[in-house]
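For reference, the structure is listed below as C-alpha cells.
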Amino acid sequence: MSHETIESLLEEERRFPPTAAFAAQATVRDPAIYEQGEDIEAFWESHAKSFTWFSAWSKVLDWQPPFAKWFVGGTTNITVNCLDRHVEGDKADKTAFIWEGEPGDERIITYADLLRDVCRCANGLRALGVRKGDRVTIYMGMIPELAVAMLACARIGAAHSIVFGGFSPDALKERINDSDSRVVITADGAWRRAGVVPLKANVDAALAETPRVKTCVVVERVGRAKAGVEMVEGRDIWWHELVADQPETCDPEHMDSEDLLFILYTSGTTGKPKGIAHTTGGYMVGAAMTHKWVFDVKDDDIYWCTADIGWVTGHSYIVYGPLANGSTGVMYEGGPDYPDKDRFWDIVERRKVTIFYTAPTAIRAFMGWGDEFVTKHDLASLRLLGSVGEPINPEAWMWYHEIIGGGRCPIVDTWWQTETGSIMVSALPGLTTNKPGSASRALPGIHVDVVDEEGQSVPLGSGGFLVIKKPWPSMLRTIYGDDERYKDVYWSKFDGLYFAGDGCKRDSEGYLWLLGRVDDIMLVSGHNISTMEVESALVDHPDVAESAVVGRTHEIKGQAITAFVTMRAGTENTDEKRTEIRKHVATKLGPLGRPEEVYFAPQLPKTRSGKIMRRLLRDIAEGRDLGDVTTLADPSVVDSLRAQYQRHHT
Ligand code: 6R9
C-alpha cells in the first residue's frame, strides 16, 4: 500500500434503524453503554463480576505492552460458568444443543447431559495421564463429542488445539508438533455430502511423524466398516470404551485467569501457522458478554451459528459464549446443500431458529442458487441475523435482509479475528441504525481507530488501517511459543497499536467499512482501490453471484483490475455480458473502478473457512507459478481458472 489512504468509491445511502418492536425488547437499549466502555477497567470488571470465580482478582488489568493480563490473580474454570452454574440453577433440563447429523439423525442435549458427558470425558482424559498445563489436539467433524472434548480439556486445565477436520494430514502433523500435544482426539470419519471424510486415516498419516503422541482417542461416528478404521494396539482407544466406566462428576481444576485455555492456529496464507494463544478469564468474559449484547440472546431463543467449531467463530459463538449465557444452540454436522440446497432453511423452519449467524460466502452461494430454495420454507421464527468472516457486500446484505430476514430482522455484521477472541466491531441490534455493508462501530469497551502509514488517526470520510488502541479481555496473549513473532506481527507496524491487517474506511458519520486485508488493496493510476468495493459493484449486477478482484501489473496504470466472476444459475457467459458487467462497475464506481478484464469462474479459490484467496488469483493474473495451495478448500479450482486465463493470453 502506498502512503495515500484508501480511496473510497462506494456510496451507500440506504439506512435501516432497528424497528420499534425490536428496540423495545433489546438487551442493550441505553446508548450510555458506550460511555461506560470508556473506562475499560471499570467496564470489564463490572461484567466479570457476573461470572463464578473461585477467588477474586487483585487487579483488573496488568498492561505491559504488548503483554496483557486480565483479572490478575483471579481463579475460575470456564466449564463451571458454562455448565455447573446452569445445572445448579434452573437450567439442568434446558436444551444446550439441538444437534442434527447430516444423515438426519438428531440428539437433544440438556445442560445436565452435557455436564455429565464432559465430566466422564474429563475423567477419561485424566486416566490417560492428561494433566493441567498439557495440550490436546482435537480433529473431528461437527458432532457433540467435539464440544464435549474441548470442555473436558478445559475442565482439567489442558489447553485444546482444535484442527479443522478438513485439513490435510500434513497440516495436522505440523499443528500437533508445534503445540507438543501428547493426546489426539478424533473420530473414525465425518459425513460430508453423503461421503465420508477419513479423519482417522488422516490422523494415522499425521502420527507417523509426531513422535511424542502417546494416545489417540477415536469417536465412532460413521461406523467402523464405512471408515475402514485400523486401531493401533497400545496407542488408539475408542471414546466409548474410555468413558464407559468413568464417574459422572469431575472436580474442575482451579485455573488462574491467565492460564492457557486454548491454542487455535490461523490458517494464514503464507509461512508457518501461528498458534494463537487464548487464556481463561478474559476470553470467558469477552466471548460471553459479546454474545449476549450482539445477538440479543434471551432465554427462549433458538440460536444457530453455522460455523465449524474448528474455527474461532465456533469456539466463541457455538461453544463458550452461548453456553456461558445458558442459551440453546443448534449444531449441524453437514453441508448446506445436502440432501438439497434448502437444508439450512429446512432446519430453521423445523427447529424454529430465532437467531441465525453465518458468513457472506454462504450468503452469496444461497443467492446464486436462487430464492426458491428459501421461499418454500417458513422462516417467520427468525428475529435477528448475523454475518462474519469477510466484508458483506451491500447487495448480499440486502438479499439477506429481505429474503432470509423478511425485511424485519436486524443484521449484525461482526468484525473480529481469531486473535481478538471475540467480536470487536458490530452493530448493537437494538440501538444501531444499519448501513448495508458497514460493520458500524466498535462495541462498548473496545477502542479502535483508522490510521495512516504513520499511525495517525485519519479524518472522517477517509480510509486507512484498522487498529485497536487499548487492550481488551479476550485478546490473544501471544503466539504459542513465540513472543517475538507476536510482537513483530501485531505490534511493530504502529507504536502501541494493535495492527489487525485490514484496510478500513470511516465515513463522515464514523461508521466503519472494512475493506479486506491490506495485502489485497490495489494501486491503480496512483489511487489505492479496495478489491472489496469493486467486488461489491460486481455483485450488484443482477447476473453476478460472487466475484473476486485482483490487481495485476500494468505498464501505464501501475496495476490494472482483473475480475473473476461466478454467475447466477441460468445466465449465459458471453462477451457481451463481460462488457455489460464492466460498464455496470464503471457506472457504480466511476471509470477508475472499471475492471480491465472479466473472467467467468465456475468457482473461486477459497480457504476452508470460505475466505477468497486473492493471492492465488494474483499469481494467475500475473502468469506466475502458484504459491502454497495447501489451505485451499478445493485445489482444482485454480487449475481450471488458470487454463481459462491462458487461453485468453496465448
Ligand atoms: C472471525 C474470523 C479474520 C479476518 C479479519 C478480516 C475478515 C472477519 C469480518 C471480516 C469484514 C467482517 N473478517 N469478519 N471482514 N467484515 N464482519 O473470521 O476470524 O478467521 O481469524 O479471520 O476475517 O479480514 O482480519 P479469522
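In listed order, ligands and their atoms are each counted from 1.
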*Show the numbers, then the answer: is there a side chain to side chain contact (heavy atoms under 4.5 Å, CB included) between Val550 and Phe564?*
CA-CA 9 Å; Val550 296; Phe564 296 84; 4.2 Å; yes
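Of the polar atoms of Ser387, none of the N or O atoms is found under 3.5 Å from an N or O of ligand 1, judged by distance alone. Annotation: Thr313 places no N or O atom under 3.5 Å from an N or O atom of ligand 1; distance criterion only. Among the atoms of Thr418, some N or O lies under 3.5 angstrom from an N or O of ligand 1.
No hydrogens or angles considered: nothing links the side chains of Asn434 and Trp397 as a donor-acceptor pair under 3.5 Å. Looking only at atom types and distance, the side chain of Tyr511 has no donor-acceptor partner in the side chain of Glu12 under 3.5 Å away.
Of the candidates Tyr357, Phe344, Trp99, Trp304 forms a ring pair (Phe, Tyr, Trp, His ring centres under 6.0 Å) with just one, namely Phe344.
Ring pair Phe262/Tyr283 is perpendicular by interplanar angle, where above 60° counts as perpendicular and below 30° as parallel. Below 30°, between 30° and 60°, or above 60°: for Phe465 and Phe494 the angle between ring planes is between 30° and 60°, a tilted geometry.
Nearest to atom 20 (O) of ligand 1 by heavy atom, out of Met424, Lys611, Gln417, is Lys611. One option in Leu512, Leu466, Asp502, Val388 has a heavy atom closer to atom 24 (O) of ligand 1 than any other, and that option is Asp502.
Note on ligand 1: Trp416 sits in its first shell, one or more heavy atoms being nearer than 4.0 Å. Heavy-atom distances between Gly389 and ligand 1 reach below 4.0 Å in at least one pair.
In summary, the atoms of ligand 1 found under 4.0 Å from a heavy atom of Thr414, numbered by their order in the structure, are 9 (C), 12 (C), 14 (N), 17 (N). The ligand atoms of ligand 1 that sit less than 4.0 angstrom from a heavy atom of Val312 are 1 (C), 19 (O). Per-residue contacts place Leu514 under 4.0 angstrom from the following atoms of ligand 1 (heavy atoms of the residue considered): 11 (C).
Both the sub-6.0 Å distance and the 45° axial angle are not jointly satisfied by Arg608 relative to the ring of Phe164.
Trp491 and Phe67 have their aromatic ring centers separated by at least 6.0 angstrom.
The proximity of Glu390 to ligand 1, defined as any non-hydrogen pair under 4.0 Å, is limited to the backbone. Contacts between Ile392 and ligand 1 below 4.0 angstrom, taking non-hydrogen atoms only, are absent altogether.
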